[in-house]
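Here is how names work: the chains are called A, B, and so on, in the same order as the sequence lines, proteins then strands, and each is numbered from 1. Since this is a predicted model, take the numbers as computed values, not measurements.
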Protein chains: 2
Amino acid sequence: MESNPKSYHHGDLREGLLEAIRSLIERDGPDKFRIAEACRIAGVSTAAPYKHFSDRDEMLRGVALRGMMRLRDAMRVAVEAYPPRDPRRVAGLGKAYVDFARSEPGIFRLMFGLAESHHSDDALRRVSDASEALVERVVAEHIGADPGSDDVRLRAYALWCFVHGHCFLTLDGKVDPHKPGVEDRLLALVGDRMLPAWEGADRNPSGAA
Amino acid sequence: MESNPKSYHHGDLREGLLEAIRSLIERDGPDKFRIAEACRIAGVSTAAPYKHFSDRDEMLRGVALRGMMRLRDAMRVAVEAYPPRDPRRVAGLGKAYVDFARSEPGIFRLMFGLAESHHSDDALRRVSDASEALVERVVAEHIGADPGSDDVRLRAYALWCFVHGHCFLTLDGKVDPHKPGVEDRLLALVGDRMLPAWEGADRNPSGAA
DNA sequence: CCCTAAAGTTAGCGTTGCTTACATATGTAA
DNA sequence: TTACATATGTAAGCAACGCTAACTTTAGGG
């Protein structure tokens with residue numbers, strides 16, 4: 001079962017293909033990559049992938065899933081770098097998200113470009129939900145509230161919206177990459193205005209519009 | 001030059017194809033739509049499109065451009081619904097953005113999924129820049145600052161990040177559509193915490209981290 | 001030591017984007 | 001009107017790609 005290049009059997013063709021496809025998507029985009037080229041990289045014939053994947057979409061979902069896992073892991077590592085209630089914990093979480101989008105823009109686009117797969121594929125949803133739960137946990141600790149409360153979920157979602165939007169806009173070139181100060185000032189704006197404004201405020205669910 | 005269905009010439013095949021492709025993208029997605037089907041809808045042969053577009057990508061860019069224009073126009077209409085410095089102006093701007101993403105999710109994804117086209121296609125960038133300028137103008141009026149200042153641009157960008165992220169996350173089903181109260185509370189959170197916190201604060205660019 | 005199943009290969013089919021060569025309509029000028 | 005150039009359509013077909021069918025090779029268990 002090892003990955004011997006000489007043997008008739010690849011050893012772990014599924015993982016080998018996923019890695020090949022990942023690199024090709026990063027180079028050409030999700031709808032441009034060719035299966036035949038991934039086969040050539042993995043060193044197999046063009047029919048081999050169909051022993052492991054039903055079709056092209058399943059390959060894409062496999063690559064997206066592994067990307068979701070890497071993002072989730074990166075967020076976990078970033079969170080554990082600082083103790084609870086440390087402001088750098090929230091900032092680090094956002095930074096990990098942005099760093100991932102910057103380092104793997106093609107996969108990031110793929111992950112959030114699969115329109116219907118999020119609802120149908122259970123594995124994708126599970127990993128995505130884990131990341132969401134992590135954000136909620138960190139926000140809950142930060143503002144000292146119950147992790148499951150609607151208030152925390154809403155604020156975590158708001159933070160996620162902000163970071164997620166920033167990722168897509170930077171990927172689309174809406175912010176100049178040759179102006180490194182912008183991102184720092186942006187983080188400072190959110191960190192100084194948004195997060196402190198939350199602390200101890202609106203703890204009661206007042207129905208004010 | 002009229003669009004007579006009986007005549008040999010279509011009349012305005014370019015626009016007819018763009019509309020047909022738009023509807024197909026909305027139904028099947030940007031990478032799934034087939035040119036032949038758009039031709040059937042427009043009532044021409046499969047070779048006809050290539051008299052107006054060089055290739056598939058140019059058709060997609062054409063559809064994306066018209067989408068950008070619709071979004072820009074919707075934002076303009078929303079802005080003009082309220083006088084300057086009215087808080088509903090900023091809220092309406094964001095709402096127009098979200099409404100567009102909800103009503104045309106396929107085109108919205110297409111518009112922000114074209115990775116390199118934003119840099120290469122001048123027409124796309126021009127319309128996108130116009131929308132960006134509009135956001136900056138409204139934010140500048142709202143906080144009573146100079147439209148071209150770095151401060152305004154940063155705050156406008158922060159607002160855009162937030163709204164843009166919310167659009168993508170709702171499209172990906174990250175927020176339950178059967179909970180209409182969520183969006184209102186989200187807008188209230190941003191409106192009550194974020195925007196008022198901006199007014200008259202941090203007008204001086206202090207270097208505090 | 002076979003026998004089964006897993007995992008690979010080769011050949012080829014159908015679809016699809018796109019091109020080439022040809023046909024038809026439109027606008028302009030003699 | 002007629003002649004011509006150009007724009008815009010059709011028909012036929014090529015090449016590439018996803019995918020399948022039938023066959024071959026290896027791994028592993030009784």
Side-chain angles (χ1 to χ4, degrees), chain A residues 1-64 106 110 113-114 116-117, chain B residues 1-25 27-64 106 110 113-117:
Chain A
M1 265 289 188
E2 64 225 45
S3 196
N4 190 344
K6 291 284 190 176
S7 69
Y8 183 88
H9 285 70
H10 181 280
D12 197 354
L13 181 56
R14 184 183 167 88
E15 288 301 313
L17 276 174
L18 285 174
E19 171 54 25
I21 294 171
R22 188 205 58 78
S23 68
L24 289 178
I25 288 176
E26 206 57 67
R27 197 191 66 185
D28 302 331
D31 52 328
K32 293 285 206 306
F33 99 93
R34 289 173 298 131
I35 297 177
E37 194 168 3
C39 293
R40 193 181 50 75
I41 293 176
V44 292
S45 72
T46 60
Y50 298 93
K51 299 292 178 181
H52 302 272
F53 304 93
S54 66
D55 58 358
R56 195 177 195 275
D57 271 359
E58 194 172 310
M59 304 179 204
L60 284 175
R61 267 179 290 152
V63 172
L110 169 69
L114 299 173
E116 298 303 319
S117 302
Chain B
M1 264 292 186
E2 64 224 43
S3 198
N4 190 343
K6 292 282 190 179
S7 67
Y8 184 88
H9 284 69
H10 181 280
D12 197 354
L13 181 56
R14 178 174 230 274
E15 289 301 313
L17 277 174
L18 285 175
E19 171 54 25
I21 294 170
R22 187 205 59 77
S23 68
L24 289 178
I25 288 176
R27 197 191 67 185
D28 302 331
D31 52 329
K32 292 286 206 314
F33 99 93
R34 289 174 297 128
I35 295 176
E37 195 168 2
C39 293
R40 193 181 51 74
I41 293 176
V44 293
S45 72
T46 60
Y50 298 94
K51 298 292 179 180
H52 301 272
F53 304 93
S54 66
D55 57 359
R56 196 177 194 276
D57 270 359
E58 193 172 311
M59 304 179 204
L60 284 175
R61 266 179 291 151
V63 173
L110 169 69
L114 299 172
E116 298 303 320
S117 302

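Contact check, H52(A) against dA6(C): no side-chain N or O comes under 4.0 Å of OP1 or OP2.
Going from atom CZ of F53(B) over to atom CD1 of I21(B) covers 5.5 Å, rounded to the nearest 0.5 Å. How far CZ of F33(B) is from CD1 of I25(B): 5.5 Å, rounded to the nearest 0.5 Å. Rounded to the nearest 0.5 Å, atoms NZ (K51(B)) and CG (L17(B)) are 13.5 Å apart. Interatomic distance, H52(B) NE2 to D12(B) CG, rounded to the nearest 0.5 Å: 8.0 Å. Considering CZ of R22(A) and CD of E26(A), their distance stands at 6.5 Å, rounded to 0.5 Å.
At whole-Å resolution of the value, CZ in F53(B) and P in dT16(C) are 20 Å apart. Rounding to whole angstrom units, NZ of residue K51(B) and P of dA25(C) are separated by 15 Å. Rounded to whole angstrom, the span from the CG atom of L13(A) across to the P atom of dT26(D) amounts to 16 Å. In this structure, D31(A) places its CG atom 14 Å from C1' of dG17(C), rounding to the nearest Å. To the nearest angstrom, C1' of dG17(C) lies 12 Å from NZ of K32(A). dT16(C) atom C1' lies 15 Å from atom CG of L60(B), rounded to whole Å.
Only at 4.0 angstrom or more do the heavy atoms of residues 15-22 of chain A sit from any atom of DNA chain D, so none qualifies.
Considering every non-hydrogen atom in both M59(A) and L18(A), the closest pair reads O-CD2, 3.9 Å.
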Just the table, please: protein N/O against nucleotides 15-19 of chain D N/O, every pair under 3.5 Å.
unit_1, atom_1, unit_2, atom_2, d
dC17(D), OP1, R34(A), NE, 3.3
dC17(D), OP1, R34(A), NH1, 3.2
dG18(D), OP1, I35(A), N, 3.4
dG18(D), OP2, I35(A), N, 3.4
dC19(D), OP2, Y50(A), OH, 3.3
dC19(D), OP2, R56(A), N, 2.9

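In this structure, R56(B) and L60(B) have side chains that are in contact, with non-hydrogen atoms separated by less than 4.5 Å.
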Under 3.5 Å donor-acceptor pairs involving side-chain atoms of residues 39-50 of chain B, not counting sequence neighbours:
none

